[in-house]
Amino acid sequence: MTWRQIFTERIKAFLINASIINTIKTSHVVIITLLLVPLTMSVIVIFYNIFSYDRLIRNVDKTNRLNQVVRTEVTNELWDIVAGNKSFASGSQYRIINNINLEIQNIRYATEDVQNRQILEVAERAMQTLSRYVNRLGIQMENNFPVIENERMLDEIRGVSVLVSELLQDYIVREIESAAAENQKIKTRFVIISIIEAVIIILATFFSVFVRKSVAGSVDRSIGSLVTLSSSIAEGNLEARAAVPRVQELETLTENLNIMADKIKTLIGENITKQRNLQKSEMRALQAQITPHFLYNTMDSIVWLAEGNKSEQVISITRAFSDFFRISLNRGDEWVQVQEEFKHIESYLTIQKIRYRDIFDYSIEYEHEMKHKIMLKLLLQPLVENALYHGIKNKRGRGTIAIRGWQENGFLNFSVADNGIGMTEAQIASVQEQLAGKAESENRIYGLYNVAKRLELYYNRADLLSIKSVYTEGTSVTLLVPEPAAEASVFPAEET
């Protein structure tokens, strides 16, 4: 007789000799224990993954902000001193250096990778060299050295600052690589946990079926419903619930299984929320959708103007075309300054104005204080394009497009208004349904849908875009961008 047969016979003997209450209690303990194992493992792994990934991201974020301080604040402070704007004794150079040293030390303590810690140790030694240079500059100024000598020492300080900045940048790159490696580990853990959970669920299901076949007929139907419940959960149907049986011994087990299903559903819902950010990368492809018709027509306009020897207009449309694509691509960055977004719109309208000079005028105005604010790129161009193609071109006579920007209640506010054909109430209701995802999006509102979806994904709000329209009078689209508009650290691409 094999060990499996011995084990099975002993289980059967126990079930036959034990009372129903003891049998169900034992079964309850075994099943719940088996099902709590994957739940516990999942929670532990989730918290471990969150902690590991969060530590890497926080290190990158801190180092990135510290890098800006190293690049600018030390040398700017010493330049003011050398230029005579303040005395060496009243300067804040030592406070800045001490803060930098403290931040590097804190980041080093939070870094697990040995090589990354070594980079920070080199940066700390470079900061010691920087401190010695600053001390030497103070001695020179105290002894009234020539200005050229002080400037030469300041150049040395700049060189060391650049070295520290490069070391911090190397650290950021390595930490990002570590984050990528950690992401791969997370995927591997997920696969392993999934396999273990599947095995455990199968074992739990097998045990429950075994118990059902071994107990008296009076409880067979109730246990069968519990097996069905566990099978439904294993197949992903988290809405399944078991009715509380009339057998008193099974009431607690059934209730606990229902609670467990609710908890699993809650955990999966939270996991889905965390995975929503992955959809953002899928939306990036939408940003680059510039219609072939726009490209062809613009090229035709350039050829037509060149053939007509209209060199000034060729230069104007070509420059606008170049600026349009430069800001659209933005070196792959998702974020731009407000002034760049408006420049992008102006470039687009400059091109369209040459093509449709007889049918529309436009105006652009925004508050000066908001020009350096950061926002998600390519939010306004689809709205302007809609205003032109679906508003102005469908109207008889000349039309006007007005683009505005202002700050209010912690938001960057933007509006694109036209006095085109407008929309009827039925058309507005249809557009609202398509934006809400209740109907399939048509080409006519593809630009609006793109903007609304990107706003919802990046800012986690569905109320940031609104439309007002009156048939034959025009349409106004308003969108809100929360401040600050960046996630983590955002730095616009440099001018080229």
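Please read these numbers as outputs of a predicted model, since none were measured by experiment.
Of the possible donor and acceptor atoms, one in the side chain of Ser347 sits under 3.5 Å from a partner among the backbone N and O of Lys343. A distance-only check finds no donor-acceptor pair linking the side chain of Asn67 to the backbone of Thr63 [under 3.5 Å]. Under the 3.5 Å distance criterion, the side-chain polar atoms of Lys62 are left unmatched by any main-chain donor or acceptor of Ile104.
Here the straight-line distance linking atom CG of Leu78 with atom CD of Glu151 works out to 13.0 Å at 0.5 Å rounding. Between the CG atom of Leu479 and the CG atom of Leu464 there is a distance of 8.0 Å, given to the nearest 0.5 Å. Separation of atoms CD1 (Ile119) and CG (Leu167) is listed at 7.5 Å; rounding is to 0.5 Å. Here the straight-line distance linking atom CG of Asn413 with atom CD of Glu367 works out to 8.5 Å at 0.5 Å rounding.
Under a 4.0 Å N-O distance rule, the pair Glu149/Arg152 qualifies as a salt bridge. Contact check on Asp155 versus Arg158 returns a salt bridge, with a Lys/Arg side-chain nitrogen under 4.0 Å from an Asp/Glu carboxylate oxygen. Contact check on Asp170 versus Arg174 returns no salt bridge, with no Lys/Arg side-chain nitrogen under 4.0 Å from an Asp/Glu carboxylate oxygen.
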Run Tyr348 and Gln352 through side chain to side chain donor-acceptor pair (under 3.5 Å) and show every step you take. CA-CA 6 Å; Tyr348 175 78; Gln352 299 290 35; 3.0 Å; yes
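Contacts of Gln105 classified as side-chain hydrogen bond (donor to acceptor under 3.5 Å, both in side chains), with partners at least two apart in sequence or in another chain: Tyr109.
Scanning both residues, Phe88 and Leu137, for their nearest heavy atoms gives CE1-C, 4.4 Å.
Counting heavy atoms from C-beta outward, Asn409 and Leu480 have side chains that stay 4.5 Å or more apart.
Within the structure, salt bridge (Lys or Arg N to Asp or Glu O under 4.0 Å) contacts touching residues 117-134 (residues at least two apart or in different chains) are Arg108-Glu124.
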